[in-house]
Structures are given as C-alpha cells and as structure tokens.
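Report on one structure; see the data block that follows.
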Amino acid sequence: MTTYIDIENHLSALLGYAVRESVGQTDGISIEIERPREASHGDYACNVAMKLARALRANPRQLAQQILAALPASPLIARTEIAGAGFINIFLHAAAWQQLVPHILGLTSTFGHNTLGQNRSVLVEFVSANPTGPLHVGHGRGAAYGASLANVLAASGYRVSREYYVNDAGRQMDILALSTWLRYLEQCGEPSIFPGNAYQGDYVRHMANAIFNQHGDRYCHPTAALTAQAPAFADEPDAHLDYLISEAKRILANDYPYFHAFALNEQLADCRNDLNEFGVVFDEWFSEQSLYDSGIVQRTLDVLEANGQLYEQDGARWFRSTRYGDEKDRVVQRENGLFTYFASDIAYHLNKLERGFDELIDIWGADHHGYIPRVKGALEAMGRNPDQLIIALVQFAVLYRNGQKAAMSTRSGEFVTLRELRAEVGNDAARFFYVLRKSDQHLDFDLDLAKSRSNENPVYYIQYAHARICRVLTQWGGDTQTLADADVTRLDSPSEIDLLRQLTNYPAVVAAAARELSPHLIAYALKDIAAALHTYYNAEQFLIEDIVLRHARLALISATRIVLNNGLTMLGISSPEQM
RNA sequence: GCGCCCGUAGCUCAGAUGGAUAGAGUGUUGGUUUCCGAAGCCAAAGGUCACUGGUUCGACUCCAGUCGGGCGCACCA
C-alpha cells in the first residue's frame with residue numbers, strides 16, 4: 001500500500017516550487033488551490049499567475065506558461081491547461097481519488113481530523129443559562145452549537161474544555177428561592193401572595209411540593225406580615241420583589257439558604273440531565289459564587305483599581321470601559337455595596353486565563369452583543385490580550401408549528417422547553433436542525449418538518465445513506481477489515497469519482513468549520529456525501545459476480561459509511577444501521 | 001438617534017482566503033422499482049444575489065451610502 005498524498009498540499013507544493021523556479025520571487029503571494037464549479041475547468045485550479053501579473057507587470061497567461069513549464073512531474077496529475085484570464089487548470093488521474101479509500105479504511109474514526117489547533121488549549125463556555133427554570137428552545141440552539149463546535153475543534157487539534165457557567169450568586173436565584181418558598185406557603189394553607197413577576201412555572205410548585213412532603217410545615221410562616229406593605233409597591237413590582245426577598249431572608253433566617261440551595265440543586269440537576277439526554281456534556285460546571293468565595297472578584301477589582309481603571313461616582317464604582325471602545329463606563333460595585341454581574345464576569349474571564357487556556361470561546365445569545373466591548377475592555381485593562389477571547393453569537397430560534405410562530409417567555413411560564421422539543425422531534429432531528437443554519441443567522445425551526453418521518457426531512461436523508469450501506473455490507477456478510485486491501489483501480493465511473501471527490505473534500509470542510517467556528521458546514525457536507533452515495537447506489541450494483549470490482553465498491557461504501565459516521569458523531573447525531 | 005447582525009429561486013437557506021456560466025432542499029411539472037431498502041434516483045421550470053456608487057484583470061463576497069428587517073443601548077443577568 002502506497003502512502004496517501006494530500007491533493008491540495010501536494011498541488012500547492014508543486015506550484016510553489018514551479019513559481020520559484022520560473023519567475024523567482026513569490027513574497028506575499030500565497031499559492032491558492034481552488035475547486036472550480038465547472039467540471040471543464042479541471043479538478044483543481046490555481047490563480048497564482050493572475051496574482052503575480054500585477055507585481056511583475058507581466059501577461060498572466062504568459063506567466064502561467066512559464067510556471068507550467070517548471071512544474072515537476074506528479075503521479076496524480078493527468079494534464080494541465082491554461083484557461084480564461086490566466087487560470088491554471090489541473091486534471092487528475094482517477095488514482096488521485098482512489099487512493100482515499102484505503103486511507104479512510106486505515107484511519108477510520110480519525111479520518112477528517114486536522115492539526116489546525118496545534119495542540120493549543122481552548123475553553124468553550126456555552127449554555128450557561130440561569131438555573132432558575134427548565135432550558136427552553138433558545139438554550140437548545142446554544143447547546144447544540146457549542147457541543148458541535150467543541151467537537152469540531154477537538155477534531156482540529158485543539159485541547160478542548162467544555163464549561164457551563166452557573167449563575168448561582170445573583171438576584172435571579174433569590175427570586176427563585178423566594179418563589180419556591182411562596183409556593184410552599186400555599187401548600188401550608190396560607191393565602192397566596194404570589195406576585196406576577198416571580199417564577200410562574202409549574203416546576204416551582206413541584207419543588208414546593210417536594211419540600212412540603214419532606215418537611216411538612218417546618219418552614220411555614222403567616223403571610224400576613226408580608227402583605228402589610230404590599231400596596232406601597234403597587235407601581236414598583238421589582239421593588240416589591242426585593243422587599244419580599246429581604247423579608248424571606250429575615251423571616252427564614254438560617255433556613256433561607258436551604259430554600260436557595262434546594263432550588264439551585266434541583267434546577268441544576270434538571271438542566272444537567274436534560275443536556276445529557278441531548279448528548280451535551282460539560283467538563284466543568286463553574287460556580288459564580290465560587291468567584292466571591294475564593295476572593296477573585298475582590299482581587300480583580302484591586303488590579304483594576306491599581307491600574308487606575310476605576311473611579312467613584314454617585315456612590316458607585318465605575319470601570320472606565322470607554323477607554324476601550326465601549327459606549328459608556330460601567331458600574332462594577334453598586335451604591336448599595338453589592339457587586340454587579342459584570343464584576344464577577346471580569347473575574348471569571350481573568351480566572352479562565354489564569355487557568356492557562358490559550359484561547360477562550362464564549363457562546364452568547366445575540367441579544368448580549370452590546371456586552372462584548374466591556375468584557376474585552378476589562379481584559380485589556382488588566383494587561384491581558386483581548387484577542388484571546390472570541391465571542392460567538394447565536395441568534396434566536398423561532399419555532400413554527402402549522403406555519404405559525406410559537407412564542408415563549410420564561411417568566412410567564414408559557415415557554416416551549418428543550419425537553420418538550422426533544423420529546424416531539426427527537427434528539428437527532430433537534431441537533432441537526434439547530435446546526436443546519438449559520439449560528440449568527442436567525443433560525444426558523446419547523447417542528448412539523450423536523451418530526452416528519454418522510455423524505456422531506458433532511459436528517460433522515462443522511463441517516464438513510466448510512467443505513468443503506470450497513471444493509472449492503474450485512475448482506476455481503478464479509479469482514480470489512482479485509483476491504484482495506486481491495487484493489488480500487490477500477491473505481492472510475494462518474495458516480496464513483498463524484499463520491500470520492502466528496503469524501504476527499506471532507507477534511508477541508510472540518511478545517512473550515514473550525515476556522516470559521518461554523519459546524520453547519522459539516523451538516524452541508526454530509527448532505528452532499530449522502531446525495532453522492534444515493535446516486536451511486538442507484539447507478540451501480542455492489543453485490544456482483546466480479547469479485548475484484550465487488551470488493552472495490554464495497555470498500556468505497558465502507559469508507560463512505562465511516563465518513564458519514566464521523567460527521568454525524570461530530571454533530572451529536574446517531575448513525576443508525578437500520579431505520 | 002447610536003452600535004452590532006442580516007437582505008441570494010415561490011418558501012427555508014448554503015455559497016471556506018474575491019475567480020470563470022449562481023447552489024441545495026422544499027414546492028410545481030414529468031419520468032423512474034422482475035435487481036443490494038423508492039425515507040431513493042433522473043430531468044424540467046424557477047434569479048436585476050435589496051438598491052446605488054466605489055476599489056480591480058475579476059465582486060454575492062471588500063468599502064461607502066440608501067432602503068428594509070432583527071437585536072442591543074441598566075447601579076438586570
């Protein structure tokens with residue numbers, strides 16, 4: 001078995017050599033190998049002659065001629081031509097494509113991997129939803145995107161850590177603890193004083209039930225005292241909520257942390273379970289509270305203070321983010337002495353860098369884009385390189401059912417949860433539909449299409465290709481290991497060459513997906529590969545008398561199965577052997 | 001008002017460093033199975049890449065402006 005020659009690297013090296021030999025200087029000019037749309041323009045094309053033309057003040061077609069004259073011989077190249085304004089078109093021998101089959105069968109699960117990351121470490125932080133209720137479909141998109149992206153990066157030579165930032169320290173958690181206690185009081189038979197801006201969802205009642213069943217009326221107190229001041233807050237619902245929180249803390253005293261911790265643990269466990277079922281796992285669940293407990297928040301502000309980045313005004317402490325391109329300065333410590341979310345977030349990002357990661361990727365909802373300058377600015381203000389932090393924005397997903405929008409709002413309790421979505425369309429369809437769009441593009445999620453078990457559903461199209469191959473290999477009944485040694489020189493029909501080309505392109509797609517943080521490219525490549533497989537399946541027979549050709553074809557579809565499985569796995573989608 | 005994102009076929013969307021005649025699915029129309037799974041395949045039709053100008057050998061791609069849509073502009077997270 002001869003060793004595999006990577007076509008694009010090979011052509012790039014040959015042309016680079018030819019350019020140096022023929023016209024000499026190539027500074028600033030990179031050799032770009034592209035795949036023309038038009039088959040008559042060759043298998044690959046190079047535009048280097050046109051790029052050199054300007055600098056050398058020469059005719060591009062003449063340059064192309066000189067370059068081709070110096071082009072070394074290659075076992076892959078059948079012929080070359082000069083076309084158009086000065087394109088060098090390259091036509092390959094079938095062997096250039098055929099060599100891929102034993103290559104894939106040898107590598108199996110690592111085929112498609114690349115070394116773009118050069119073993120750098122990257123922390124991918126995603127989902128990070130407040131643990132104040134079930135994940136909804138918007139979080140689902142961030143989860144699917146982040147998990148797929150992390151897999152793409154891992155396949156591209158990065159050491160990847162997946163992290164969920166748990167906002168367990170803020171006011172929202174207090175509201176959840178309060179909501180749980182108030183529902184509990186209803187269980188105790190107290191008159192309901194549940195405000196409209198507390199958490200309305202049934203899951204709060206469920207937590208209250210659980211506590212009541214376990215502890216009876218141990219945490220019961222009369223609600224009369226809580227209602228006494230209510231009328232004063234008629235026009236200030238948020239102030240009313242804060243009042244109730246402070247009263248809950250006062251009345252429950254040492255029991256308040258119980259409600260807080262119970263609600264937090266319950267929601268976190270639910271969230272973790274939900275994501276696990278979705279195939280989304282994290283290496284670390286990082287607590288915001290731990291940033292306070294370990295003193296990092298204080299230390300962070302000390303650093304900023306020492307650097308002259310903070311000032312006092314109106315009783316609050318401000319960070320001079322306008323120095324770093326932000327629209328206005330931002331408060332890090334409020335008039336009431338409490339730190340803002342921003343303060344702990346600066347500390348969190350500092351902590352990430354102190355843990356030694358080379359790159360940080362934050363995946364945020366697109367509605368947080370205005371937050372970017374202040375976080376990057378804070379890193380810069382602490383003497384860090386803000387370019388180490390990359391923020392990937394994920395746009396909203398809008399569900400459509402029967403052609404109509406399904407609206408959602410966490411507070412009102414009328415949202416569609418990720419769990420409901422998964423139950424309705426299945427994990428595979430959900431993962432696929434979520435990453436089928438570019439992440440910074442709005443997503444119209446068609447529920448009816450996603451759950452249809454018909455040819456209209458693109459996820460089945462790909463899975464069906466995989467199942468079809470498995471079926472053929474099963475009917476054949478041989479050992480697929482032996483196919484690695486098959487003589488593949490007769491794989492030269494149009495549908496075979498086309499399929500081989502699609503498979504050859506796959507590693508470049510993975511690299512592009514990593515470079516562009518765009519796992520959707522994988523989904524589109526899989527559709528193309530599946531289409532080429534289906535065409536092949538209809539064009540040729542596999543289980544034929546001719547044993548050499550039979551083994552060659554089985555080797556090809558076996559390789560195709562491996563690539564489909566690699567890609568589907570990267571997107572967190574199953575590869576069924578039968579459907 | 002300012003900032004970020006977006007505008008490609010009837011619909012939903014791709015288009016990797018600027019390349020040659022613009023891509024897929026779906027929908028519409030027509031064809032396809034004595035044969036490994038028809039959840040498939042083949043074909044037709046469908047476009048002023050929002051608009052205007054600029055950069056250059058070449059622009060869907062880069063720049064400026066206009067129009068249209070989304071999001072954001074807290075001592076919330």
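Numbered from 1 within each chain, the chains take letters A, B, ... in sequence-line order.
Look at His520(A) and you'll find a side-chain N or O under 4.0 angstrom from OP1 or OP2 of rG15(B). Note on Gln313(A): every side-chain N or O is 4.0 Å or more away from OP1 and OP2 of rC75(B). In this structure, Tyr464(A) reaches the rA39(B) phosphate: one of its side-chain N or O atoms is under 4.0 Å from OP1 or OP2. Residue Arg37(A) places at least one side-chain N or O closer than 4.0 Å to OP1 or OP2 of rG23(B). Residue Arg550(A) places no side-chain N or O under 4.0 Å from the OP1 or OP2 atom of rC36(B). For Gln475(A) and rG37(B), the shortest distance from a side-chain N or O to OP1 or OP2 is below 4.0 Å. Phosphate proximity of rC6(B) to Lys438(A): absent, as no side-chain N or O sits under 4.0 Å from OP1 or OP2. Look at Tyr461(A) and you'll find a side-chain N or O under 4.0 angstrom from OP1 or OP2 of rC41(B). Regarding contacts with the backbone of rG37(B), a side-chain N or O of Arg471(A) is found under 4.0 angstrom from either OP1 or OP2. Between Thr535(A) and rG40(B), a side-chain N or O to OP1/OP2 separation shorter than 4.0 Å is absent.
Paired regions of RNA chain B, where each region holds three or more successive Watson-Crick or G-U pairs whose two hydrogen-bonding distances fall under 3.5 Å, are B:1-7 with B:67-73, B:10-13 with B:23-26, B:28-32 with B:40-44, B:50-54 with B:62-66.
For Asn167(A), counting side-chain heavy atoms from C-beta on, the closest listed nucleotide (rA77(B), rG37(B), rC75(B)) is rA77(B). Considering only the side chain of Gln395(A), rC5(B) comes nearest among rC5(B), rG40(B), rG37(B). Ranking rC5(B), rC57(B), rG15(B) by closeness to the Leu521(A) side chain, first place goes to rG15(B). With rC41(B), rU12(B), rA39(B) as the choices, the nucleotide that has an atom nearest any side-chain atom of Arg437(A) turns out to be rU12(B). Residue Met579(A) has its side chain nearest to rA39(B) when only rC5(B), rA39(B), rG40(B) are considered. If you check rA38(B), rA20(B), rC2(B) against the side chain of Glu327(A), the one that comes closest is rC2(B).
One N or O on the side chain of Gln200(A) and one on the backbone of Pro195(A) form a donor-acceptor pair closer than 3.5 Å. In this structure, Asp326(A) contributes its side chain and Ser321(A) its backbone to no donor-acceptor pair below 3.5 Å. Under the 3.5 Å distance criterion, the side-chain polar atoms of Asp314(A) are left unmatched by any main-chain donor or acceptor of Ala316(A). Checked by atom type and distance alone, the side chain of Tyr434(A) pairs as donor or acceptor with a backbone atom of Val137(A) at under 3.5 Å. With hydrogens and angles ignored, the 3.5 Å screen pairs a side-chain donor or acceptor of His139(A) with a backbone N or O of His136(A). No donor-acceptor pair under 3.5 Å is formed between the side chain of Asn130(A) and the backbone N or O of Thr132(A).
rG70(B) atom C1' lies 14 Å from atom CG of Leu443(A), rounded to whole Å.
Contacts of Asn47(A) with the nucleic acid, taken as non-hydrogen atoms under 4.0 Å apart, include base atoms. Among the heavy atoms of the strands, none lies under 4.0 Å from Gln333(A). Residue contacts shown for Asn336(A) are absent, as no nucleic acid heavy atom lies under 4.0 Å away. Using a 4.0 Å heavy-atom criterion, one finds that Tyr371(A) contacts the bases of the nucleic acid, with or without backbone contacts as well. Residue His41(A) is in base contact, counting any heavy-atom pair closer than 4.0 Å across all strands shown. Within 4.0 Å (heavy atoms only), Gln541(A) reaches at least one base atom of the nucleic acid. Looking at heavy-atom distances under 4.0 Å, Ala45(A) makes contact with a base. Across all strands shown, Phe542(A) has heavy atoms under 4.0 Å from base atoms, whether or not it also approaches the sugar-phosphate.
Between Pro519(A) and Ser148(A), the shortest heavy-atom distance links the atoms CB-CB, 3.8 Å.
Judged by centroid separation below 5.5 Å and plane tilt below 30°, His368(A) does not stack onto the base of rG72(B). Here Phe87(A) counts as stacked on rA20(B): its ring centre is under 5.5 angstrom from the base ring centre and the planes meet at under 30°.
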Between side-chain atoms of residues 534-541 of chain A and protein atoms elsewhere (two or more places apart, or another chain), which donor-acceptor pairs fall under 3.5 Å?
from	atom 1	to	atom 2	distance (Å)
His534(A)	ND1	Arg468(A)	NH1	3.0
His534(A)	NE2	Tyr461(A)	O	3.1
Thr535(A)	OG1	Ala531(A)	O	3.0
Tyr536(A)	OH	Glu496(A)	OE2	2.8
Asn538(A)	ND2	His534(A)	O	2.8
Glu540(A)	OE1	Arg553(A)	NH2	3.1

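Between Tyr145(A) and Phe126(A), a ring centre-to-centre spacing not shorter than 6.0 Å is recorded. Separation of the Trp364(A) and Tyr371(A) ring centroids falls under the 6.0 Å cut-off.
With respect to the salt-bridge test (charged N to carboxylate O, under 4.0 angstrom), the residues Asp329(A) and Arg323(A) do not qualify. Between Asp238(A) and Arg171(A), at least one side-chain nitrogen of the basic residue sits less than 4.0 Å from a carboxylate oxygen of the acidic one, meeting the salt-bridge criterion.
A donor N or O paired with an acceptor N or O is found under 3.5 Å between the base of rG3(B) and the side-chain atoms of His369(A). In terms of polar N and O atoms assigned as donor or acceptor, the side chain of Asn89(A) comes within less than 3.5 Å of the base of rA20(B) in a complementary pairing.
Residues Asp444(A) and Leu393(A) both approach RNA chain B. Their nearest nucleotides, taken by heavy-atom distance, put Leu393(A) toward the 5′ side. Residue Glu34(A) is the one, among Glu34(A) and Gly315(A), whose nearest nucleotide of RNA chain B lies closer to the 5' end (criterion: closest heavy atom).
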Just the table, please: protein N/O against nucleotides 46-50 of chain B N/O, every pair under 3.5 Å.
none

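When the C1' atom is used for both rG18(B) and rC49(B), the distance is 15 Å, rounded to whole Å. The gap from the P atom of rG23(B) to that of rC60(B) amounts to 13 Å, rounded to the nearest Å.
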